[in-house]
Enquirer: 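Please read through the structure below; I'll follow up with questions.
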Amino acid sequence: MPELPEVEVVRRGVAAHAVGRRIENAEIRGTRVARRHLPGPEDLAARLTGRSVVAVARRGKFLWLALDADEALVVHLGMSGQLLVADPERPDPAHLHARFVLDDGQELRFVDQRTFGGLALAGMDADGIPEPVRHIARDPFDPLFAPAEVAARMVRSSSGIKRLLLNQRLVSGIGNIYADEALWRARIHGERPGERLTRPAIVRLLGHARDVMAAALEQGGTSFDALYVNVNGQSGYFDRRLRAYGQEGRPCERCGTLIRREHFMNRSSHFCPRCQPVPRCGLPHSAHQG
DNA sequence: CCAACTACCTGTTAGC
DNA sequence: TGCTAACAGGTAGTTG
């Protein structure tokens, strides 16, 4: 379940090992990992061979290896994807889908149990954003992230605020874990419609999202089931600091009320029923926009 | 255009 | 013991 902090940990690891290196050999196994690379896995492997890694960048949960000639190897980790730097002597792990042999003899491996992740080669625009990432909004770590503008869009929506937080076209990088954590910090229930919040309240909420993700990044990210690891195969420690996500039945750290879990969008929402009261299913809002 | 629903996956765990 | 079902959930495509 890598979200922004976990992807950033991976980005830093890949950058430290791969920038300035040449891809001596590329191996793509199976078709699914390259399903978003329309010309197919053989084309992907052939076009990556011999390329140099110029930089490793990220927006939201997408990361990419910027290559020579303004192209990028776009990587999405999906639910369970891992990028691992390994000595070639180490045996292949289960679910190895791609291997890149670098010119220092080390391998960059893409491993993914649930195969929601994938790889694609794409061109970059003038801002250095690959084509498959163009529709993804800036994330809260982006220097040009504009919370007031995001809030202005959110207060025009009747959707629940958690749904809006998870909408990668509005703000990227936030997944189920950090959405629940940000809402707990802001004392807002995730089903409050955007239009029932004020713009300053949403700006504060986005600030909480940024803060909790920054704190998680300092701990090396959150890991629940050892699926998320950095490029050396190590887990982060932020799961010990979670206050809502995964805390069902435990007392809220602020008020002691037991944290509740409810089904939401085929997943779970965790919240404190006292600090984050369920919105009264009130009347259909008369609009108040300006 | 916007909102909501679903397919895509597999290892682990809970329940019978 | 062995089987089945639930669960984890980000993205893209479809439907309304």
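Protein chains get the first letters and strands the later ones, always in sequence-line order, with residue 1 at the start of each. The structure displayed is predicted, hence computed values, not measured ones.
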Enquirer: Roughly how many Å is it from CD1 in Ile174(A) to P in dT11(C), rounded to a whole number?
Expert: 12 Å
Enquirer: Judged by atom type as modelled, is there a donor-acceptor pair below 3.5 Å linking the side chain of His76(A) to the main-chain atoms of Leu119(A)?
Expert: no
Enquirer: Using side chain to side chain contact (heavy atoms under 4.5 Å, CB included) as the criterion, point out the one residue from Leu48(A), Leu73(A), Val19(A), Val54(A) that pairs with Leu65(A).
Expert: Leu73(A)
Enquirer: Could you check whether Arg185(A) pairs with Asp211(A) (Lys NZ or Arg NE/NH1/NH2 to Asp/Glu carboxylate O, under 4.0 Å)?
Expert: no
Enquirer: Take atom CD of Glu195(A) and atom P of dA3(B), then tell me their distance rounded to the nearest Å.
Expert: 10 Å
Enquirer: Between Thr115(A) and dT10(B), does any side-chain N or O lie under 4.0 Å from OP1 or OP2?
Expert: no
Enquirer: Tell me whether Asp139(A) is salt-bridged to Arg59(A), with the criterion being a basic N under 4.0 Å from an acidic carboxylate O.
Expert: no
Enquirer: Quick check for you: among dC9(B), dA3(B), dT11(C), whose closest atom lies nearest to any side-chain atom of Arg32(A)?
Expert: dC9(B)
Enquirer: Just how far, in rounded Å, is C1' of dT11(C) from CZ of Phe62(A)?
Expert: 7 Å
Enquirer: Base, sugar-phosphate, or nothing for Arg261(A), non-hydrogen atoms under 4.0 angstrom?
Expert: sugar-phosphate
Enquirer: Given dA4(B), dT10(B), dT11(C), which nucleotide is nearest the side-chain atoms of Gln113(A)?
Expert: dT10(B)
Enquirer: Any side-chain N or O of Ser159(A) under 4.0 Å from OP1/OP2 of dA4(B)?
Expert: yes
Enquirer: Checking contacts here: which listed nucleotide (dG9(C), dT11(C), dA3(B)) is nearest the side-chain heavy atoms of Met79(A)?
Expert: dG9(C)
Enquirer: Other members of the hydrophobic cluster containing Val133(A), with the 4.5 Å side-chain heavy-atom rule, please.
Expert: Phe62(A), Trp64(A), Val74(A), Met124(A), Ile129(A), Ile136(A)
Enquirer: Which one, dA12(C), dG10(C), dA8(C), comes nearest to the side chain of Arg36(A)?
Expert: dA12(C)
Enquirer: To the nearest angstrom, how far is Phe264(A) atom CZ from dT6(B) atom C1'?
Expert: 15 Å
Enquirer: Does a side-chain N or O from Arg163(A) land closer than 4.0 Å to OP1 or OP2 of dA3(B), or not?
Expert: no
Enquirer: Whole Å only: how far is the CD atom of Gln168(A) from the C1' atom of dA12(C)?
Expert: 12 Å
Enquirer: Which nucleotide wins on minimum distance to the side chain of Phe116(A), given the candidates dG11(B), dC9(B), dT11(C)?
Expert: dC9(B)
Enquirer: Is His95(A) close enough to dC9(B) that one of its side-chain N or O atoms is under 4.0 Å from OP1 or OP2 there?
Expert: no
Enquirer: Could you tell me the separation between the CD atom of Gln82(A) and the P atom of dT10(B), rounded to a whole number of Å?
Expert: 16 Å
Enquirer: With DNA chain B as reference, determine whether Arg267(A) or Gly160(A) sits nearer its 5' end, using the nearest nucleotide of each.
Expert: Gly160(A)
Enquirer: Look only at the side chain of Glu191(A) and the backbone of Val278(A), and say whether a donor-acceptor pair between them is shorter than 3.5 Å.
Expert: no
Enquirer: Report the distance from atom CZ of Arg114(A) to atom P of dG10(C), rounded to the nearest whole Å.
Expert: 11 Å
Enquirer: Does dC2(B) have its OP1 or OP2 closer than 4.0 Å to a side-chain nitrogen or oxygen of Arg156(A)?
Expert: no
Enquirer: Which sits closer to the 5' end of DNA chain B, Met265(A) or Arg153(A), going by the nucleotide each is nearest to?
Expert: Arg153(A)
Enquirer: Quick check on DNA chain C: between Lys61(A) and His263(A), whose nearest nucleotide comes earlier from the 5' end?
Expert: His263(A)
Enquirer: Once you apply a heavy-atom cut-off of 4.0 Å, does Asn266(A) come out as touching a base, just sugar-phosphate, or nothing?
Expert: base
Enquirer: How many Å lie between CG on Leu166(A) and P on dA3(B), as a whole number?
Expert: 14 Å
Enquirer: Considering only dT11(C), dA3(B), dG9(C), which nucleotide approaches the side chain of Ser157(A) most closely?
Expert: dA3(B)
